[in-house]
Amino acid sequence: MALINSQFLKVSQDAVEQEIEKRVKVFALLNPKAEFIRLDSGDVTLPLMPSVIDAMLASVHEMSKDSTFKGRGPIRGYPFLIDAIVRGDFRSRGIKMAADEVFVNEGTKQDVASIGDILCKDNRIGVLDPIFQTYIESNVVGYRAGILEKDKHWSNIVYLTATREKNFIPELPTERPDVIFLNYPNDPTGVTLTKSELAQWVSYAIENKVLVLFDATYEAFISDPDAPHSIYEIKSARKVAIEFRSFSKSAGFTGLHCGYTVIPKEVKGYSIYSGRNIFLNDLWQRRQTIKNNAPSYIIQRAAEALYSEQGKKEVKQNVDYYMTNASMLRAALDAAGLKYSGGVNAPYIWVRSPWNSSWKFFEKLFSDCHILSSPGERFGPSGEGYVRLSAFANQNQVMLASSRLAEFKF
Ligand SMILES: *Cc1c(COP(=O)(O)O)cnc(C)c1O
């Protein structure tokens, strides 16, 4: 019989999801008439925008003709999309970027979870806490996390704890990790860094030879002019940082799956085997050749359309819709006297439980307001005492939720 990778049995995130679903079922049984509002989701709700639909329809027609049919495309993605990305997301912000530094993918999650393929198992990983759990769990199944301790921390992971006293921005590590995952604007706290704060992380990484894995999935939601959209706004980041971008949240691509990973040519790792420094861009190219294909032609044409004048306008409308939801929720939380962060540069609001217990707060929001939130435990040990509200919801429902929330008593 084949032996399994038992690490998969050690990831517990399913447990929180199952607990939420169980409570939803019980609630629905007991309150068959109640209309509850889901503000727990990290998935988008608006339909695809016209420029995306047009591009997809046109490319489906191309696929139907001998002369324009496309089979398997380039491993790194089609040049038309990569050029649009380089011009639209980097050169437009004065950032130097070459086409062969971009790898188009089927969304950030898969690359964030797979980047470990090109890194040795002995690396120590640093993560923000609270955080999107894929960063941790992909390293648990990749044998990098050590053992799970009683306090729910993995022994070989360096947790960079975000506390409310420091506005949820962690201090630089006192214990050096080899690799750090950063995610700004942040899911779940909704906060982001200023350019000078991010520059401190980059300097730390250069001085300590740490690889930075920067998840910029939510950059399109930034409204603060001082907040960096890309880690490469800090020039020296080209030496130490890989950046992950996604069309999932900004353009509603969670059902289409498209994003990209940037690996500048300067970023290096070390080979124990040869004693040499190796360029990670080359190594990732090898990994992609073995394991991956870029998304379909149709999806890549859809992504390209986001960079047209019309596409840019529609992305902005999309983002504005969700950020209007976020500001309604913030106003309601203010009215109720609840403490929170986020909702300004990210579609998430991180709300402090008046009882310091996430589950108690979750229960009260559910029973008193019929609002479904995400208990903080979903995002790691430091999530206890908070819930995350998501602005990814229908606006009428958010209006209703806000009026209930404004009356919330604790
Ligand atoms: C939603 C989310 C992703 C997932 O992105 P996909 O491109 O849909 O895979 C990545 N990172 C964070 C922090 C997210 O919240």
Side-chain angles (χ1 to χ4, degrees), residues 13 16-17 38-46 48 52 77 81 85 89 102-116 125-139 160 162 168 170 180-193 212-222 227 229-231 241-262 292 294-296 299-300 302-303 306 315 318-319 322-323 326 341-343 345-350 374 376 378-380 382-383 388-393:
Q13 204 47 28
V16 181
E17 309 292 326
R38 296 200 76 132
L39 300 181
D40 63 323
S41 174
D43 201 354
V44 298
T45 55
L46 286 174
L48 292 174
V52 168
L81 176 55
I85 288 168
D89 290 341
V102 174
F103 295 84
V104 176
N105 62 28
E106 294 190 311
T108 297
K109 184 163 89 175
Q110 60 171 227
D111 277 10
V112 157
S114 305
I115 195 76
I125 307 295
V127 294
L128 304 173
D129 177 33
I131 196 62
F132 188 56
Q133 291 298 288
T134 295
Y135 302 126
I136 294 179
E137 295 185 342
S138 59
N139 284 297
L160 306 164
F168 300 102
I180 293 182
F181 284 98
L182 292 180
N183 164 225
Y184 292 106
N186 184 260
D187 174 13
T189 64
V191 302
T192 200
L193 301 179
V212 178
L213 302 174
F214 191 74
D215 181 346
T217 291
Y218 294 99
E219 63 79 29
F221 295 84
I222 289 173
H229 288 252
S230 164
I231 195 165
I242 292 177
E243 181 164 290
F244 303 97
R245 294 279 196 109
S246 175
F247 304 113
S248 282
K249 313 295 163 57
S250 58
F253 268 44
T254 50
L256 298 185
H257 292 300
C258 192
Y260 63 90
T261 294
V262 180
N292 231 40
S296 71
I299 301 296
Q300 292 192 56
L306 304 172
V315 168
N318 235 42
V319 166
Y322 294 125
M323 292 314 283
S341 67
N345 294 303
Y348 299 123
I349 305 178
W350 189 234
S374 254
R378 209 176 195 172
F379 309 99
S382 294
R388 187 194 74 178
L389 295 182
S390 166
F392 291 127

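Everything numeric here is computed off the predicted structure, so don't read it as measured data. Indexing begins at 1, ligand by ligand and atom by atom, following the structure's order. Positions are given from 1 along the sequence.
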Considering only N or O atoms, set out every pair between ligand 1 and the protein closer than 3.5 Å, with distances to one decimal place.
residue  : atom   : partner : partner atom : Å
ligand 1 : 7 (O)  : T108    : N            : 2.7
ligand 1 : 7 (O)  : S246    : OG           : 2.5
ligand 1 : 7 (O)  : S248    : OG           : 3.1
ligand 1 : 8 (O)  : S248    : OG           : 2.6
ligand 1 : 9 (O)  : T108    : N            : 3.2
ligand 1 : 9 (O)  : K109    : N            : 2.8
ligand 1 : 11 (N) : D215    : OD2          : 2.6
ligand 1 : 15 (O) : D187    : OD2          : 2.8
ligand 1 : 15 (O) : Y218    : OH           : 2.6
ligand 1 : 15 (O) : K249    : NZ           : 3.4

Candidate pair L128 and T189, rule side chain to side chain contact (heavy atoms under 4.5 Å, CB included), full reasoning: CA-CA 11 Å; L128 304 173; T189 64; over 6 Å; no

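- With sequence neighbours excluded, the residues satisfying ring pair (Phe, Tyr, Trp, His ring centres under 6.0 Å) with F181 are Y135.
- With no hydrogens or angles considered, no side-chain donor-acceptor pair links D43 and S41 at under 3.5 Å.
- Residues that satisfy the ring pair (Phe, Tyr, Trp, His ring centres under 6.0 Å) test with Y322, not counting sequence neighbours, are F392.
- Residues forming a side-chain contact (heavy atoms from CB on, under 4.5 Å) with S382 (at least two apart in sequence, or on another chain): D129, P130, T161.
- Partner of I242 under the side-chain contact (heavy atoms from CB on, under 4.5 Å) criterion, out of V212, I115, V262, I231: I115 alone.
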